[in-house]
Amino acid sequence: MESLRNEEQRRVLMRFFKTGPGEYGEGDEFLGLKVPQTREVVKSMAQALPLSEVPLLLTSRWHEVRLCGLLTLVAKFEKLATKRLENDEAAIRGRDEILTVYLEYAGQANNWDLVDLTAPKILGHWLLLPTMLTPHSVGEGEYKRQVLDGLAATENLWKQRISMVCTLKTLQMGDPSWCLRYAEIHLHHPHDLMHKAVGWMLREMGKHVSMDLLRDFLYRHAHEMPRTALRYAIERMTEQERSSFLRSSAKGVFGEG
């Protein structure tokens, strides 16, 4: 990957991902690779690379190499998550091992692209599949909530974003419960990147599950939502509905239908 370094593209990416002093990506370093280039590297080595060696990529100083490691986890997870292997014991153990590595190094997914390209496909998919990680003292559903609650409760912006964005996969499969839970937990988050994540997932809930469910959430919360989150959530609504919710937000009252 270092042999593909592109200085001009590196400068572009450092501006785009806000790596300057005081910005959310402060100090991140780039080689200047485009995502398709990184995907080609992943395609060439993902299945052959032992899981035990992936952390060498995840702890790299280079943004694109960390992305390579995270996408390698995605490739390994998806290979074990086909319909045929959903309930296969060896596949379940393998998926759990991959998830464990992902969670251990979640802090290395320290920019929004690293989160968004991987959280739904690993953690979000895992929520929908059998696991052997559940302790005897709790049920599987409760354990999975504990995993996400732990991420949401940290002070790490990227782990918090993982807990929200991973719900995209569950929404695509018709389950809104995870999105609703973490949208409420993060509703008053101070960072703009979380406002965008909450609004994005709510919008996807309307698309994949139910616009009425989205409307119900907004009737209850539009008056207290950050403006950015609300704007993201209502993007697929009619102009009349968007205006109504934006007015209700400005007035601090519930929107009309």
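Fair warning: this is a prediction, and the values are worked out from it, not measured in the lab. Numbers for residues simply follow the sequence, beginning at 1.
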Once you round to the nearest 0.5 Å, how far does [atom1] of [X] lie from [atom2] of [Y]?
X: M164; Y: L193; atom1: CE; atom2: CG; value: 14.0 Å
X: R145; Y: S177; atom1: CZ; atom2: OG; value: 8.0 Å
X: Q146; Y: L151; atom1: CD; atom2: CG; value: 12.5 Å
X: I185; Y: L180; atom1: CD1; atom2: CG; value: 11.0 Å
X: F245; Y: L214; atom1: CZ; atom2: CG; value: 7.0 Å
X: S60; Y: L31; atom1: OG; atom2: CG; value: 7.0 Å

Is there a path of hydrophobic side-chain contacts, each under 4.5 Å between heavy atoms of I, L, V, M, F, W or Y residues, that connects [X] with [Y]?
X: L123; Y: M194; answer: yes
X: L56; Y: L67; answer: no
X: V12; Y: Y24; answer: no
X: L73; Y: I92; answer: no

Taking all heavy atoms of [X] and all of [Y], pick out the closest pair and write down the distance.
X: N87; Y: P130; answer: OD1-CG, 3.3 Å
X: N111; Y: G25; answer: ND2-CA, 4.0 Å
X: V165; Y: P120; answer: O-CG, 3.5 Å
X: V138; Y: T134; answer: O-CG2, 3.2 Å
X: G69; Y: V54; answer: O-CG1, 3.6 Å
X: A233; Y: L218; answer: CB-CD2, 4.3 Å

field: E26 atom CD, neighbour heavy-atom count above 12 within 6.0 Å
entry: yes
If you look only at pairs with a residue in [range], which of them pass as a salt bridge (charged side-chain N to carboxylate O under 4.0 Å, His left out), with sequence neighbours excluded?
range: residues 56-74; answer: D28-R66, E29-R61
range: residues 157-172; answer: D116-R161
range: residues 45-56; answer: none

Residues in salt bridge (Lys or Arg N to Asp or Glu O under 4.0 Å) with [X], at least two apart?
X: E140; result: K144
X: R231; result: none
X: D113; result: none

Please tabulate, one pair per line, all N/O donor-acceptor pairs under 3.5 Å involving side-chain atoms of residues 198-205, not counting sequence neighbours.
from	atom 1	to	atom 2	distance (Å)
R203	NH1	E235	OE1	2.5
E204	OE1	H208	NE2	3.1
E204	OE2	R236	NH1	3.2

Is the closest side-chain heavy-atom distance between [X] and [Y] below 4.5 Å?
X: W158; Y: L114; value: no
X: T167; Y: D175; value: no
X: M225; Y: F217; value: yes
X: L70; Y: Q108; value: no
X: L127; Y: L148; value: yes
X: M45; Y: L57; value: yes
X: L246; Y: I234; value: yes

query: Should the pair E7-R10 be classified as a salt bridge under the 4.0 Å nitrogen-to-oxygen rule?
result: yes
task: Keeping the roles fixed (side chain from S243, backbone from E239), state whether a donor-acceptor pair exists under 3.5 Å.
output: yes
task: Output every pair passing side-chain hydrogen bond (donor to acceptor under 3.5 Å, both in side chains) with a member in residues 184-196, not counting sequence neighbours, ordered by first then second residue.
output: Q160-H189, S163-H186, E184-R220, E184-H221, H188-E224, D192-K196, D192-T228
field: Polar side chain donor-acceptor pair, D212 to S210, under 3.5 angstrom
entry: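 No, S210 and D212 have no side-chain donor paired with an acceptor closer than 3.5 Å.
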ILVMFWY clustering at 4.5 Å (side-chain atoms), partners of M173: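 L128, which link up through side-chain heavy atoms under 4.5 Å apart, make up the rest of the cluster.
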All side chain to side chain contact (heavy atoms under 4.5 Å, CB included) counterparts of Q37, not counting sequence neighbours: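 Checked Q37 against side chain to side chain contact (heavy atoms under 4.5 Å, CB included); matches are L4, L33, K34.
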Under 3.5 Å, which donor-acceptor pairs link side chains of residues 95-107 to any protein atom two or more places apart or in another chain?
from	atom 1	to	atom 2	distance (Å)
R95	NH1	L80	O	2.7
R95	NH1	L85	O	3.2
R95	NH2	E86	O	2.8
D96	OD1	W126	NE1	3.1
D96	OD1	T131	OG1	2.9
D96	OD2	T131	OG1	3.2
D96	OD2	M132	N	2.7
T100	OG1	D96	O	2.8
Y102	OH	T118	OG1	3.0
Y102	OH	A119	N	3.3

task: Scan for ring pair (Phe, Tyr, Trp, His ring centres under 6.0 Å) pairs involving residues 34-80, sequence neighbours excluded, and state none if there are none.
output: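 Ring pair (Phe, Tyr, Trp, His ring centres under 6.0 Å) check on residues 34-80 returns F17-H63, F30-H63, F77-H125.
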